[in-house]
Amino acid sequence: MDLHIKERLLIPSLLPERGNFMDFNLKKSILKKIAISEEERADYGIVEKADEHRIEWDMEKDISTPLVVDFSNDELDYLRRACEAMSEQEMPDEVWGVVERIYNASTQD
């Protein structure tokens, strides 16, 4: 699955705060795969503007070089369940776009 910076920043907020030990390990594995390294922070010019509650980066570079993540079937199932669990919540459209991409990837054969 190709993931851009915005998706990588949003995915942690989609994951449940609580779960069993298996869920904890799946969550930890997913977060490790999508983590933004210090090298990427420099390459993409990622800057947190705390006073404005926003993060900025070089979107042109991000569009041309997404991170390719190979989630396991168990990780995709966990992500799908997380997406389903939040289906009744109200979220911004950008979050629903990420949810839709994850859900579609998790239900493909």
Atom [atom1] in [X], atom [atom2] in [Y]: separation rounded to 0.5 Å?
X     : Y      : atom1 : atom2 : value
Lys28 : Leu15  : NZ    : CG    : 14.5 Å
His4  : Ser64  : NE2   : OG    : 9.0 Å
Glu75 : Lys33  : CD    : NZ    : 3.5 Å
Leu14 : Trp96  : CG    : CH2   : 9.0 Å
Glu84 : Tyr103 : CD    : OH    : 4.5 Å
Asp62 : Leu67  : CG    : CG    : 10.0 Å

Derivation and outcome, side chain to side chain contact (heavy atoms under 4.5 Å, CB included), residues Val99 and Met91 = CA-CA 10 Å; Val99 167; Met91 298 284 183; over 6 Å; no

Under a 4.5 Å cut-off applied to non-hydrogen side-chain atoms, are [X] and [Y] in contact?
X     : Y      : value
Met1  : Arg101 : yes
Ser29 : Phe71  : no
Ile11 : Leu3   : yes

Atom [atom1] of [X] with >12 non-hydrogen neighbours under 6.0 angstrom:
X     : atom1 : answer
Asp93 : CG    : no
Asn73 : CG    : no
Glu90 : CD    : no
Gln89 : CD    : yes

Closest approach of [X] to [Y] (non-hydrogen atoms, all atoms of both residues):
X     : Y     : answer
Met86 : Val95 : CE-CG1, 4.1 Å
Asp74 : Met22 : OD2-CE, 4.1 Å
Leu26 : Arg81 : CD1-NH2, 4.3 Å
Glu40 : Ala35 : OE1-O, 3.5 Å
Arg8  : Ile34 : NE-O, 3.0 Å
Thr65 : Tyr44 : O-OH, 2.7 Å

For Leu9 and Trp57, run side chain to side chain contact (heavy atoms under 4.5 Å, CB included): C-alpha distance rounded to whole Å, both residues' side-chain angles, the deciding distance at 0.1 Å, then the answer.
-> CA-CA 12 Å; Leu9 291 171; Trp57 63 92; 3.9 Å; yes

Joint cluster assignment, [X] & [Y], ILVMFWY side-chain distance < 4.5 Å:
X     : Y     : answer
Ile5  : Val69 : no
Phe24 : Ile30 : no
Met59 : Ile36 : yes

Is any side-chain N of the basic residue among Asp23 and Lys27 closer than 4.0 Å to the acidic one's carboxylate O?
->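 Here Asp23 does not pair with Lys27 in a salt bridge, since their nearest N and O are not under 4.0 Å apart.
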
Ion pair Arg41/Glu38, N-O distance below 4.0 Å |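 Result for this pair is yes, salt bridge flagged.
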
Test side chain to side chain contact (heavy atoms under 4.5 Å, CB included) applied to Ile102 and Cys83, step by step | CA-CA 8 Å; Ile102 291 169; Cys83 292; 3.7 Å; yes

